[in-house]
Amino acid sequence: MRFSELARVFRKMEDTSSRLALTDELAKVFKESEPGEMRKLVYLCQGIVKPAHEGIELGMAGKLAMRSISISSGKKQEDIEKIYRKEGDLGLAAEIAMGKRTQGVLVRQEPSVEKVYGNFYKIATAGGSGSQDLKVKLLSELLGSCEAEEARILVRFVTGSLRMGVGDATIIDALSYWAAGDKRFHDDIARAYNMRGDLGLVAELLFSKGIEAVKRISPEPFDPIRPALAERLPSAKEIFERLGKCAVEGKYDGFRIQVHVKGGRIEIYSRRQEKITHMFPDIVAAVKKQVKAKEIIFEGEAIAYSDETGTFQPFQVTIQRKRKHEVEEKAAELPLKLFAFELLFIDGKDYTQKPYRERVEKLRQTIAAGDTIDLAHRITASTPEEINAFFDESVSSGLEGIIAKDLEAPYVAGARKFAWIKLKKSYKGELTDTLDVAIVGYYRGKGNRTEFGLGGILTAAYDDSKNVFKTIAKIGTGFSEEQMAQFKKTLDEIKSKDRPAQVDSVLEPDVWVKPKYVVTVNADEITRSPTHTCGIGKIKGHENEGLALRFPRLVGDIRTDKSAEDATTEKEVLEMFSMQKQKATEPSGQA
Ligand code: ATP
């Protein structure tokens, strides 16, 4: 396929947020692809060159991209910068500059998708001395052989600011339409993707071997599995009504990791499937000592723990261990404990389909006693009172709350299901849970805040059924001065001239940004709102109103462990809103 065809579709897709229209466009692209191209096409649609766990990211710096635009348009770099400053968008600047190129191109070799992908891959993997020049050359080679509108897409892609609102779910729909003519294969494709974290691989298999082969996909060490997530309910009573006799575990507020072992190799992956092994030499050493299996995939929560005081550290402290430099020093200063809670694969056997009680029993047999890895503390509860007692015990030992687990459920990769139900401690007058919201814009700030260029952010919940971000809160409290400057710098790299197609908002921030970063926010309660779009049309009797957070406060920094699509969903916000109403009418609070 020629790149120009793909770029045309990408351009169209930047202007629409209708999931149906996006699916339709993508299915057409897949229909026209050639064997061997499928995998690359899917990665390009995802805006990546390789799945996250391979650690190959594009993210070319804007300055370098400007050099490429300058070379291929024949215009001075200062002129490109001027256009960029005026337009506020490097993709558009490229399109304008290339539209008026001073060096004519007589014979143009239109690049194929294959060629473009190849250059992107080389840009992403170039390293060492001379790599900057190489990147500039690889991009300008592409720009030089493209039309101006294609330049816009190329530059947005390499700098990570492509605005297509296409999420994984839409790509999966499109693959199903392409292969079956309808959504019939969606669930099988999604399951396979959740198992292997590589949609390109699944698409290629679908293309070459058909849906039966996709159905047979099972876990494989070093392909991280997308994590199962927890639902929430407001009380032990409701949890018990839902699950009956169940397992209850402490909810550790650290970070989730997935450990993979095979053939003597050990890797650790984050919740977002990034490879983070080098950050945790202490855990790698403990796996060697304490895990009695040749091949295994298991999960747990890593949390900084002080042996001296016997207490867990808060999330903000634990997260300092997620770093690239001074790893050993920090490991000595903040030793981690890993509380293992899931077994997904062991010695050639897929455990994801087995009931929870079997997975956890096998996990117990596999982990030997030691200082670093332990099993998550757990009871089996036969009454709501037992759940409550364990909840109180967990909270008083410094944990966030509990997670109740269905003893019979399989591991539901990549989905939020009632197989796990969380219950967190509640602070008087506050929501029982924090929310994770995506940043969609920022305000320049008033008074002394103008000095940082950022005084607050506009944030949104994620409507995963439509792949749209809907606003829920303007946050101006909880930022340190350092953070304001840091947020501005980070957000400026992804600013957008207009409201991104994926954002549904009535409010207009001073600067729009592409939904990419997530922050955690605490608030007093969720209230109905005339100005926010989250929940509009979904609140019985108040269809014209949305939902907002009352007195929202930022907690911590940008969450590097979550992507925008991992933000709290609109559906969850609606659930939290109705739980809150229920709670208000209940006499006895939490339980
Ligand atoms: P939160 O922001 O509340 O931690 P989340 O969006 O990260 O939520 P949830 O699905 O709400 O994820 O809660 C599950 C998370 O809780 C897991 O991703 C994991 O990191 C953490 N966790 C801590 N202890 C456990 C446990 N015993 N079993 C499962 N998950 C646990």
Do the numbers put Arg265 on top of the ring of Phe222, so that NZ or CZ is under 6.0 Å from the six-membered ring centre and no more than 45° off the axis?
yes
Under 3.5 Å donor-acceptor, Ser496 side chain and Lys514 backbone
no
Electrostatic pair Asp187:Arg191 at N-O distance under 4.0 angstrom:
no
Do Phe280 and Lys322 have side-chain heavy atoms sitting under 4.5 Å apart?
yes
Write out all pairs satisfying ring-ring contact (aromatic ring centres under 6.0 Å, His included) with one or both partners inside residues 180-208, taking only residues at least two apart or from two chains.
Trp178-Phe207
Polar contact flag, side-chain donor to acceptor under 3.5 angstrom, Glu110-Ser4
yes
Extract all donor-acceptor atom pairs below 3.5 Å that involve side chains of residues 54-63 and protein atoms in other chains or at least two apart in sequence.
none

As an exercise, state the distance from NZ of Lys122 to CG of Leu134, rounded to the nearest 0.5 Å.
8.0 Å
Out of Leu554, Val555, Leu435, which one pairs with Thr520 under the side chain to side chain contact (heavy atoms under 4.5 Å, CB included) rule?
Val555
Within-4.5 Å side-chain heavy-atom neighbours: Asp464 and Glu565
no
Salt bridge (Lys or Arg N to Asp or Glu O under 4.0 Å): which pairs involve residues 35-46, sequence neighbours left out?
Arg39-Asp198, Arg39-Glu204, Lys40-Glu114
Lys474 to Tyr443, cation-pi by 6.0 Å centre distance and 45° axis angle
yes
For the backbone of Ala567 and the side chain of Asp436, can you confirm whether one donor and one acceptor N or O come within less than 3.5 Å of each other?
no
Does a side chain donor of either Asp173 or Ser176 reach within less than 3.5 Å of an acceptor in the other side chain?
no
Got a sec: does the CD of Gln132 have more than 12 other heavy atoms crowding it under 6.0 Å?
no
Does the distance from a Lys or Arg side-chain N to an Asp or Glu carboxylate O, for Glu572 and Arg416, drop under 4.0 Å?
yes
Tell me every residue that passes salt bridge (charged side-chain N to carboxylate O under 4.0 Å, His left out) with Asp510, counting only those two or more places apart in sequence or in another chain.
none
Salt bridge check, Lys215 against Glu212: does any charged N sit closer than 4.0 Å to a carboxylate O?
yes
Okay, side chain of Gln258, backbone of Ile225: is any donor-acceptor separation there less than 3.5 Å?
yes
Residues passing the ring-ring contact (aromatic ring centres under 6.0 Å, His included) test with Phe157, sequence neighbours excluded, are Phe120
Among side-chain atoms of Asn467 and Tyr462, is any donor-acceptor pair under 3.5 angstrom?
yes
Separation between CD1 of Ile297 and CD of Glu342, rounded to the nearest 0.5 Å:
12.0 Å
Residues two or more places apart in sequence or in another chain: which of them pass salt bridge (charged side-chain N to carboxylate O under 4.0 Å, His left out) with Glu570?
Lys470, Lys538
Proximity of Tyr442 and Phe487 rings by center, below 6.0 Å
no
In terms of side-chain geometry, is the basic nitrogen of Lys571 or Glu575 positioned less than 4.0 Å from the acidic oxygen of its partner?
yes
Could you tell me if the ring centre of Tyr269 sits under 6.0 Å from that of His260?
yes
Side chain to side chain, Ile257 and Ser270, heavy atoms closer than 4.5 Å:
no
